[in-house]
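Below: one structure, written as structure tokens.
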Amino acid sequence: MVKLVNRVKQAVSGSAASTTLGAAVVGLRTFNSAGAVTNDVCRYAIEDDNGAFEIGTIVINSATTGTRTVEVSSDSNNALILTGNAVIFGA
């Protein structure tokens, strides 16, 4: 079952197999501070440079890591290789 989180927006880097969750955007929360714990599955959307995007689910591995499963992306529905400017938010 997917866990609902709200007001989540944080920095993100890495690939689907190794996703690093960073600091929350000012005024918002991380998945962890919104109540997501190890093994929770959450819906997400990612925005990156040049209009790149990704939507799917993420399994929370720890407060700072997760594993993404992509449903839709701007890269032919493949996981994005994230730049240093990417943000992930609960969707």
Side-chain angles (χ1 to χ4, degrees):
M1 185 166 149
V2 173
K3 181 166 193 153
L4 178 64
V5 293
N6 61 34
R7 300 196 41 79
V8 170
K9 188 172 188 179
Q10 65 188 113
V12 65
S13 60
S15 64
S18 178
T19 302
T20 301
L21 301 168
V25 172
V26 174
L28 298 172
R29 304 188 296 178
T30 64
F31 280 96
N32 188 251
S33 66
V37 297
T38 301
N39 295 322
D40 278 346
V41 178
C42 301
R43 292 208 38 85
Y44 75 88
I46 291 175
E47 294 176 339
D48 206 346
D49 289 339
N50 300 317
F53 70 89
E54 184 180 303
I55 299 168
T57 57
I58 185 167
V59 175
I60 304 300
N61 299 329
S62 72
T64 59
T65 63
T67 304
R68 304 185 329 257
T69 300
V70 179
E71 294 173 10
V72 178
S73 84
S74 57
D75 184 21
S76 301
N77 299 334
N78 294 305
L80 301 177
I81 303 299
L82 303 171
T83 71
N85 299 319
V87 290
I88 186 170
F89 51 96

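Worth knowing before you read on, the calculation uses all heavy atoms, side chains too, and leaves out hydrogens, waters and symmetry mates.
F89 is not listed as a side-chain neighbour of V5, based on a closest heavy-atom distance of 4.5 Å or more.
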Name each donor-acceptor pair under 3.5 Å that joins a side chain in residues 22-29 to protein atoms two or more places apart or in another chain, with its distance.
unit_1 : atom_1 : unit_2 : atom_2 : d
R29    : NE     : N6     : O      : 3.4
R29    : NH2    : N6     : O      : 2.9
R29    : NH2    : N6     : OD1    : 2.8

Atom pairs and distances, side-chain donor-acceptor, residues 56-66, under 3.5 Å, sequence neighbours left out:
unit_1 : atom_1 : unit_2 : atom_2 : d
N61    : ND2    : T67    : OG1    : 3.0
S62    : OG     : T64    : N      : 3.2
S62    : OG     : T65    : N      : 3.2
S62    : OG     : T65    : OG1    : 2.9

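Side chain of K3 to main chain of V37: no donor-acceptor pair is present (N/O by atom type, distance under 3.5 Å, no hydrogens or angles). Side chain of T83 to backbone of N85: a donor-acceptor contact under 3.5 angstrom is found. The backbone N or O of A79 lies less than 3.5 Å from no partner atom in the side chain of S73, so there is not a single donor-acceptor pair.
The two atoms that bring C42 and F31 nearest to each other are CB-CE2, 3.7 Å, heavy atoms only. Residues A86 and I46 approach most closely at CB-CG2, 4.3 Å, considering heavy atoms.
Linking Ile, Leu, Val, Met, Phe, Trp and Tyr residues whenever their side-chain heavy atoms come within less than 4.5 Å places V70 and V12 in a single cluster.
The distance from the CD atom of E47 to the CG atom of L82 is 12.0 Å, given to the nearest 0.5 Å. Expressed to the nearest 0.5 Å, how far CG of L21 lies from CD of Q10 amounts to 4.5 Å. Here I88 contributes atom CD1 and T20 contributes atom OG1; the two are 11.0 Å apart, rounded to the nearest 0.5 Å. Interatomic distance, L4 CG to D40 CG, rounded to the nearest 0.5 Å: 11.5 Å.
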Could you walk me through whether Y44 and T69 satisfy the side-chain contact (heavy atoms from CB on, under 4.5 Å) test, starting with their C-alpha distance in whole Å, then the side-chain angles of each, then the deciding distance to 0.1 Å, before giving a yes or no? CA-CA 10 Å; Y44 75 88; T69 300; over 6 Å; no

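Cluster partners of M1 are absent, since no Ile, Leu, Val, Met, Phe, Trp or Tyr has side-chain heavy atoms less than 4.5 Å from it.
Remark: K9 pairs with no residue by the salt bridge (Lys or Arg N to Asp or Glu O under 4.0 Å) rule, at least two apart or across chains. Under the salt bridge (Lys or Arg N to Asp or Glu O under 4.0 Å) criterion, R7 pairs with no residue, sequence neighbours left out.
Applying the salt bridge (charged side-chain N to carboxylate O under 4.0 Å, His left out) test to every pair with at least one member in residues 65-74, sequence neighbours left out, gives these pairs: R43-E71, E54-R68.
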